[in-house]
Amino acid sequence: MIFHGYAYFSATKVTQQAVLKKDICLDYINMLRTNLTFLSFIERFCSENNEEKITLKSFKAGYRFIEQGEKISNIYIIKDGISKCYISEENGKDFIIEFLGKGEVVGELEAIKKINCLCNVAVISDVTAYVIPDYLFLSLISKSSEFTTILLQELSTRIIQTSTRASFQQLYTLEYALLKLLKLQADEHISISKDDMAAYLGISVRSFNRSLKQVVDKGGFDTPEFKNILQLPNMKKLLERLR
C-alpha cells in the first residue's frame, strides 16, 4: 500500500509538473517580442536631454541593418515595425531566433562584450528605430540605474523565453506552433514569407506546406485560443496567400 501510494503521488506530481510547465510556456512564449518599457525610457531620455547623438532612422522591408560577424558601433531600439533576428549557417540555411517589435533592443550584447555580431537582424515590415552610439549606450549603463534595471529585465526575459521555447517545441505539436505563427500575422496585419516561417519553426518549406495543409484540413484546434480562427477574414486572406 505504501508503494502504491508513493507511485500515485509520484505520477500525480509528474502530471502536475507537466501541466505547470505548459502553463509557464504559454505565459512566456510570445512569437513577437516587445518591450514598451524600454521604448518609453529612450523616448523620455531623448526628450528630457535633447540628445542629438541618438538619431531616429527608418529602414525598408528586406533591409539588413545588423550583419552577422561584422563589428557594429550602434545599438538599435525599435520604435515601430517588425524585424527578424536570425543566424545564417555555413550550409546556407537560416534559423530565425525571434521576431522583434516595439521597444526591442539589438546589438546590446555585442556592445557590452565588445564582440562581432552574433546574428543578422533584417526588416520584415518597415522599421523605425532609435540609433544609439555604443559609447553612449555603455555610458547609460554606468550612469543610469533605471536604464540598467530595464536592460537586466530584458536580458532575463530573453533567457527565460529561449529556454521555454525549447520546452514549447516538445510539449506542443508543430501544427499548434504554426497556428500561433499564423495568428500573429493576422493580429498584427503583417506578412511573413513561407521561408521565414519555416526557418522560425526549424523545418523545411516542404514540411511547412505539409503542416499547413494538415491545419487547414483539420480546421484548427478545439481550444479557446484558436476556436474558429481559420474563419476570420484576416486569416482567410493569409491562407489564400500561402496556398
Side-chain angles (χ1 to χ4, degrees), residues 25-36 39 58-66 76 78-88 93-104 106 119-129 157-158 161-162 164-166 168-169 171-243:
C25 281
L26 286 175
D27 285 341
Y28 281 103
I29 288 295
N30 189 338
M31 291 184 172
L32 177 62
R33 287 185 44 211
T34 60
N35 191 333
L36 299 183
L39 180 59
S58 297
F59 306 104
K60 292 292 183 182
Y63 181 76
R64 188 160 54 186
F65 58 95
I66 285 187
Y76 302 84
I78 297 173
K79 177 178 174 63
D80 288 301
I82 297 172
S83 62
K84 60 179 179 179
C85 176
Y86 65 99
I87 293 175
S88 295
K93 293 184 178 180
D94 294 335
F95 175 70
I96 295 180
I97 302 171
E98 54 203 357
F99 296 108
L100 307 174
K102 287 185 176 183
E104 282 302 314
V106 291
C119 54
N120 302 292
V121 181
V123 178
I124 291 180
S125 66
D126 292 358
V127 162
T128 302
T157 299
R158 194 175 300 174
Q161 289 185 333
T162 299
T164 51
R165 180 177 172 185
F168 177 89
Q169 290 172 334
L171 291 168
Y172 295 92
T173 64
L174 175 60
E175 288 75 18
Y176 184 89
L178 174 56
L179 269 176
K180 284 189 73 70
L181 197 49
L182 293 173
K183 185 175 184 295
L184 165 65
Q185 295 175 76
D187 290 345
E188 298 293 331
H189 302 284
I190 60 173
S191 178
I192 301 175
S193 69
K194 278 187 181 183
D195 287 343
D196 281 350
M197 283 189 278
Y200 181 82
L201 295 170
I203 59 176
S204 66
V205 174
R206 183 176 180 180
S207 295
F208 173 86
N209 287 331
R210 183 167 56 247
S211 297
L212 179 63
K213 184 178 185 303
Q214 291 173 350
V215 167
V216 173
D217 290 346
K218 186 176 180 180
F221 278 71
D222 294 330
T223 63
E225 183 180 9
F226 296 131
K227 190 174 183 180
N228 300 321
I229 188 172
L230 297 184
Q231 305 306 316
L232 298 176
N234 287 345
M235 187 63 74
K236 286 184 176 180
K237 292 179 181 178
L238 177 59
L239 292 174
E240 283 296 324
R241 177 178 64 82
L242 293 172
R243 285 174 181 169

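Just so it is clear, the model here is predicted, and its values are computed rather than measured.
- The distance from the OH atom of Y176 to the CG atom of L181 is 13.0 Å, given to the nearest 0.5 Å.
- Nearest heavy-atom pair across D126 and A61 is OD1-N, 3.0 Å.
- Counting heavy atoms from C-beta outward, V121 and K84 have side chains that stay 4.5 Å or more apart.
- Note that CD of Q161 and CZ of R158 are 9.0 Å apart. Values are rounded to the nearest 0.5 Å.
- Between Y200 and M31, the shortest heavy-atom contact is OH-CG, 3.6 Å.
- Heavy atoms from other residues, nucleotides or ligands lying under 6.0 Å from NZ of K93 number 12 at most.
- The CZ atom of R64 lies 6.0 Å from the OG atom of S88; values are rounded to the nearest 0.5 Å.
- In this structure, CG in N120 is found 10.5 Å from CZ in F65, a value given to the nearest 0.5 Å.
- To the nearest 0.5 Å, atoms NE2 (H189) and CG (D187) are separated by 7.5 Å.
- Of the listed residues (V127, V123, T128), just one forms a side-chain contact (heavy atoms from CB on, under 4.5 Å) with S58, and that residue is T128.
- Residues G101 and L32 approach most closely at N-CD1, 3.7 Å, considering heavy atoms.
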Would M197 and Q185 satisfy side chain to side chain contact (heavy atoms under 4.5 Å, CB included), going step by step from the backbone distance to the final call?
CA-CA 11 Å; M197 283 189 278; Q185 295 175 76; 3.0 Å; yes
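- Contact detail for K102 and L39: the closest heavy-atom pair is CB-CD2, 4.3 Å.
- Under the rule for a side chain to side chain contact (heavy atoms under 4.5 Å, CB included), the partners of S193 that lie at least two apart in sequence or sit in another chain are D195, D196.
- One distance of note links CG of L212 with CG of L178; it measures 6.0 Å at 0.5 Å rounding.
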